[in-house]
Amino acid sequence: MRNLAVLSQTDILLEYLPKNARITATTIDLDENVLYAASESVNKDAKEVSVDVYKIEGDHATPINMFTCLSYGEYEGGLHPEIVLMHFMPEVRKVGFFMRGGDIVTIGADGEDVKEEFEGTVEPGILAASWNPDDSVLVLVTASFKLLLMTTTFDTLSEAPLHTSDFGEDAPINVGWGSKQTQFHGSLGKAAAQAPKTTVVGSSPDDDYLPRITWRGDAAYFVISALSPPPPPNSTSRLRRRILRVYDREGRLQTTSEDVGGLECSVAWRPSGNLIASTQRFGGFDGAGVGREGRHDVIFFERNGLRHGEFSLFVGRTTASGKEKAVNDDAGGVVKRRWGYRVKELGWNADSTVLSIWVEHDEADVVQLWTTGNYHWYLKQEIWAPKKQTGEPARFTSLTWHPEQVLVLRLTTTSQIITRAYKWETYASLAAPPTDSGSVAVIDGAHLLFTPFRLQNIPPPMSSSKITLFGNTLPNPTPQVSESDLSANDGPWRLPIHLAFSAVKDFIAVLWERGQLEIWDLKTRVGTGPRGKVMDPTLVARGSVFVDGSGDGDSARQVEWGVEENSVIVLVKTSNGDEAIFVEFTGEEGAGAEEKARGFKVKKRSSIPQNNGRLVVCAGPARAVSWYDPDGSLCEYNDSLDAFTPTTAKFPLFCPQTQRVSSSTSHEDAVLYVGFNGRGKLYASTSGQTKELGTNVTSFTIASGFVIYTTNAHEVLFAPISAIVDVLIAASASNGVHEDDQFTFIGNAPGNGIGPKGTTGNFPEWEKRRVERGSRIVVAVPSAMALVLQMPRGNLETISPRPLVMEVVKQDLNGSNYRKAFFSCRKHRIDLNVLVAHNETKFLEDIAVVVEQIHEMDHINLLLTNIGRGTLSSEAIARLCDAIRVELERIDLKKYVNSVLTAYVVKRPPDYEAALSVLHRLRENEQSVVEEAVKYVIFLADADRLFDVALGMYDFSLVLMIAQYAQKDPREYLPFLRELRALDKYYQRFKIDDHLKRRESALKNLSLAAEEKFDEATAYIEQYQLYEVALKIWKETEKYGTILDLYGDWLYDRREFRQAALVFCEAKKLHKAMISHEKGLEWREMFNIALDVDVSKEDVEAMAYRIADDLISKKRFAEAARVYLDYVKNVRQAVISLVEGNLFSEARRVAKMNLEPGLLEEIIHPGALDSRAQIAEDLREMQEQLDKQRSRLRELRVKKVEEPDAFYNMEDPTLHNVDVMTDASMPATVFTRYTAAPTSASRTSKRSSRSKRKLERKVGSGKKGTVDEEEYLLRSVTKLVGRFSATRDETKNLLPHLFQFTEEHRREGLRLQGQITRFEQHLEEVLKEIWAKSDESGGAVEQEDTFASRMEEKERNRKIDPLDRVSKPEFGVDKDWRVGLYEVL
């Protein structure tokens, strides 16, 4: 539903043209962006043509050369330019001219001295010429109807006759299926089917007899349209027909078109390659197409020569006269136009979206621009040739599309070069709620098609309403337009050049290029009024914005609404530059002479800072007049200065589609400009800062506080305007640079460039959703919460994105319109928790309003269910459910009993007992209500769970009711209930609680039963370990000691000896307590109790020997020695224990204190040597381990550098989830070694959490040959450093004693000190070598802790240097452990 709008127009007048010369051709140098133009003047007497060549840079034209060639003269009754083709050849940097007389001339494009070169002559002349799109092949059709293919150096590739009877290499094969020859023909017989048809096929009377050449966009094929040869003199038919022949780039004929009557000369191959366009005449002459006389179609062919669709031309008032008229051409020749016009040329733009049709009328030339959508062709724009002061017909002399800028069209007249740039624009209403209609206007020839998407979604080309603009069929005069006005404005009145919707009223302004303006009131049926027409457009005002002839030579190109609701601004191109005309419409005829434009009052005209800019569309009701310069600057109109003053906003690129919107955040004075350059870049600018919102954008709009845009990744994104403004203002406060992962800022201050992109930011990710491939935004309708998208084919799709829905829901919630918000969320499948989450405090305060508005029980149940399933905390859910329940009970418990039950059930955890208690309360008076409520609560919750809850309430009648409505089998529950009824009260409850596994309650009820049930109670306690509960129940009773004894035995069996000992002490079971202390190696407490209970001396000694042995086994040597000394008086055993623990100082002290000097030589001296030998053995083992690991690390690091693939591919992590390897498994490659395991294998793998953890340990176990080995070795060395530190501490304690003992001990001490010193130095060197790289730490990214994430993280870290993961152990040379006397003595 896009339209073509004029973006800019540049007119270049060649003032130094020779007399009688006219511009006939142009070409462009894309590398230098330089335009070349050529004019020609024919000397008929000398049969020569003079060609002047101009070089145009910017708006300045410079003559660069002139040459003369032989003139070909007239051809078949019509005058044609002598320059057949003018083309810039980029490879040789020359401009080539291919003259109709056959001369080929080139002119150099570089250097100051530009001379022409005659490359050769093609005899007897050139009728058509064309270069292929990649400038490698030249195709010529000579005057002798030969086809030539040449290279860039004009060497002939192939030569062949143009006219041939062959179909081509791709001739179809017809086997007769479905043809007339194979069908039944009744009484006529088969001969009738085989009789030849006599269809007359001829060309159009307007044919110019010249061939045409056009290439496909990929330069693989070209097509030639040419007339068939003249028939022989004795032929009965003198008709000639047009034939299309398709060739490949080697000049081989591929296909020939089918016979088409009335086929005309113009032809153009769509660059995308699917269609070949031409035109066809119908009726009124021999050989015409079969159809209504005067019908004129654009028809399409496929590459195989078959027809493929058509559409009818819209040519205005001219109708078929049936007679030929001879009209003087602007070059002095005579041209025959039977219908008063003819189609001269067809052309496609570079991206195949626009078809240009050059129509030559008797009065003037016009170029029509057509587009297609949903299999319908729309006439979007008409370009009329500028009028001549001499009164001669206005003519174009050439038409060319820019080869790269797809919407730039270049036209030439006899003395002027006109360059028009267009843009795609969707004319959509930007009105704010609640009056937003979502109306979209589409130009279709002389009609305006309207569809209000808030009310209807009608796919194009259909529409809700249509306005027929006068032009073809003039309307009757009105108070605003007189008959003279209508007759004075012919063709250019037919198609408007621009439209604009009002953002305040349901109005649309329609502007024509000649300055005519219409205001229409669409009268869209919005709201809840009486049903009627969806739209009923009514003309409000009509007139011209040009007053007193001031518009002579001026052209309007854009209209926008002004600040006042009854004012518009018209952008006009004048001879002095662009101007803005401020117009006020009243709908009444002006009284003054200055108000000649009826219904309009021109208030003032204001000059524009630069030409070819755009008026900026204001999104929303806040109106302002803004202007956008081609250099990216944005200006706003200052009424007091009557001028456009620059703002701080600026875009780095020209953005044809720009909108202005006021911020609705805390920065209320901020104005945001959003611009789209049409080639993927979307910018936002305010406060001197510019932000690039996207680089792959295809369309955008502003609605509901969002910048909504689609991307070529097939997504639509919703960027909050408030967030954009906040970030831009924050960037402005930080001197134009702000780091964020999604933002690139471009400062306007000198020296400010594109700021750096950070890795994190405070801005949340924008909401987005997937859309169909190629979708573009048509319009956003905030009130309907709808976004209308158009697919590439042209069909429409309406979606309701969550951001638009949420914006309306928030407005409804702020206005306490809970019912509308509820149904909006329900319709668009949005979690109803948003009703609470938006403002929980307000929701609780408005509970009465909520229940009053959402009064249906089913809807309340739905709301409660969503609250219960939401993400709120259990306390918040309970608070909300209770508040709603209390309000419902206050209104009518009987009516809302189901909702009350829902409020209890949706809690976390569900309060089934309270829900059933409601039924218990209603059971006596409202039996029917209770029955329905029971059915509902059974539907709401599990019936078995409700049965158990009712049973736990000890209410057998309620239990029976639930069982009956749950359709439980009576054989399952009736025997059980009968058995329970036969029991005593508390024992009955015990059985019920035990059945429901409520162990604590069961034990309490059992304790209240008869006294003889105590043995059963103790068994129950032991069965379910209810010891702590039992202690509370039987405290301060005579059974308390029994419970304690049971508890202590249970703790003892669990090897919780310390706790068991305390319990036994409390139970006065001291013998058991003493045994528990012994088992727990609590020897002090054990001997304390032993002394209290008067244990015999022999038993104490036995206990001492036992516990001392246990302490030694646990390496608690000092405590064992203390036991030997205190309770056995065995000094020898005490010294032996201390020596085993390397506690030599204490051993020497104990021996001397107890007067046992013989123990020194007998036990302590040999023990010191044994300890020294053990340390030496440990050092040897550590030395061997260190050397081996250093050597292995060297090998691994060499292998990692020389053979990285083999190093990292030793163990394939993709096979961890594969249970079985088959022969069909593919070997790992460089590209697959880190990919995920095949899904088929992972689906069959069923690993438990325990096996997964085991697998993780296996991956990092450091198995030899794996990528984890290096890290494993580093960690092993780290552990070795810790082991050596402990050994060094032992040596520190041993060395002084070795020094003080015998000479042998002193020698061993000296050797030990030397060994430790040497290993210490060696270890320091090895650590420096291994950890040569400094330790660098990096930040970790938090993610969900799952097996898959842990494995993925491990695989990602495999190629990280292990030195970055294993820090160097802290180790330093410590001299405090040494004994200095060893080195002195």
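Bear in mind the structure is a predicted one, so any value in this text is a computation, not a measurement. Atoms considered below: every heavy atom in the structure, side chains included; atoms not considered: hydrogens, waters and symmetry mates.
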inquiry  = Evaluate Phe97 against Val95 for side-chain contact (heavy atoms from CB on, under 4.5 Å), listing each step before the verdict.
reply    = CA-CA 7 Å; Phe97 296 86; Val95 182; 3.8 Å; yes

If only side-chain N and O atoms count, and only distance matters, is there a donor-acceptor pair under 3.5 Å linking [Y] with [X]?
X	Y	result
Arg249	Ser136	yes
Asn712	Thr698	no
Ser272	Asn274	yes
Arg420	Tyr422	yes
Trp370	Gln368	yes
His296	Gln280	no

Distance (rounded to the nearest 0.5 Å) between [X] [atom1] and [Y] [atom2]:
X	Y	atom1	atom2	value
Arg307	Phe301	CZ	CZ	5.5 Å
Leu306	Ile276	CG	CD1	10.5 Å
Leu85	Leu138	CG	CG	7.5 Å
Leu495	Lys380	CG	NZ	9.5 Å

query = Yes or no on side-chain contact (heavy atoms from CB on, under 4.5 Å) for Val778 and Arg776, after CA distance, side-chain angles and deciding distance?
reply = CA-CA 6 Å; Val778 176; Arg776 295 177 184 270; over 6 Å; no

Do any N or O atoms from the side chain of [X] and from the backbone of [Y] form a donor-acceptor pair under 3.5 angstrom?
X	Y	answer
Thr711	Ala713	yes
Asn132	Val137	yes
His447	Leu449	no
Asp206	Arg338	yes
Gln790	Ser775	no
Asn349	Val354	yes
Asn3	Ile443	yes
Asp166	Gly168	no

[Y] and [X] aromatic ring geometry - parallel, tilted or perpendicular at 30°/60° bounds:
X	Y	answer
Phe285	Trp339	perpendicular
Trp215	Phe222	tilted
His87	Trp131	parallel

NZ/NE/NH1/NH2 to OD/OE distance under 4.0 Å, [X] and [Y]:
X	Y	result
Arg212	Glu345	yes
Arg281	Asp297	no
Glu82	Arg100	no
Glu91	Lys94	no
Arg240	Asp207	no

Does [X] reach the side chain of [Y], with side-chain heavy atoms less than 4.5 Å apart?
X	Y	value
Pro403	Ile28	yes
Val105	Phe98	no
Ser463	Ile458	no
Glu715	Thr710	no
Leu4	Trp424	yes
Pro460	Tyr378	yes
Thr142	Ile126	no
Val367	Glu382	no

Listed partners of Ala128 passing side-chain contact (heavy atoms from CB on, under 4.5 Å), at least two apart = Val141, Pro211, Ile213

message = Can you list everything that forms a side-chain contact (heavy atoms from CB on, under 4.5 Å) with Ala268? Sequence neighbours excluded, please.
response =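 With sequence neighbours excluded, Ala268 shows a side-chain contact (heavy atoms from CB on, under 4.5 Å) to Leu346, Trp348, given in chain and number order.
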
request  = Using the salt bridge (charged side-chain N to carboxylate O under 4.0 Å, His left out) rule, pick out the option among Lys344, Arg342, Arg395 that qualifies with Asp365.
outcome  = Arg395

task = Tell me, please, which residues at least two apart from His163 pass ring-ring contact (aromatic ring centres under 6.0 Å, His included).
result = Phe145

Determine the minimum heavy-atom distance between [X] and [Y], stating which atoms define it.
X	Y	value
Pro124	Ala143	CG-CB, 3.5 Å
Val84	Met99	CG2-C, 3.9 Å
Arg270	Arg216	O-CG, 4.3 Å
Pro459	Leu796	CA-CD1, 4.1 Å
Gly283	Ala288	N-CB, 3.4 Å

message = For Leu263 and Ser203: C-alpha separation, side-chain torsions, deciding distance, then whether side-chain contact (heavy atoms from CB on, under 4.5 Å) applies.
response = CA-CA 6 Å; Leu263 184 64; Ser203 62; over 6 Å; no

ask   = Is the CZ atom of Arg770 crowded by more than 12 outside heavy atoms at less than 6.0 Å?
value =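 Yes - once you tally the heavy atoms of other residues, nucleotides and ligands closer than 6.0 Å, there are more than 12.
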
request  = Decide if atom NE2 of His308 counts as having more than 12 heavy atoms of other residues, nucleotides or ligands within a radius under 6.0 Å.
outcome  = no

[X]: salt bridge (Lys or Arg N to Asp or Glu O under 4.0 Å) partners, not counting sequence neighbours:
X	result
Glu159	Lys146
Arg252	Glu169, Asp248, Glu250
Arg241	Asp259

query = Would Phe300 and Trp377 count as a close aromatic pair, with their ring centres under 6.0 Å?
reply =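 Close enough - the centres of the two rings lie under 6.0 Å apart.
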
key: Positive for side chain to side chain contact (heavy atoms under 4.5 Å, CB included) with Arg245, one of Val223, Thr255, Thr164   =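 For Arg245, the side chain to side chain contact (heavy atoms under 4.5 Å, CB included) test succeeds with only one of Val223, Thr255, Thr164, which is Thr164.
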
task = Establish, for the pair Arg410 and Phe396, whether the NZ or CZ atom is under 6.0 angstrom from the six-membered ring centre and no further than 45 degrees off its axis.
result =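 No, Arg410 does not sit over the ring of Phe396.
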
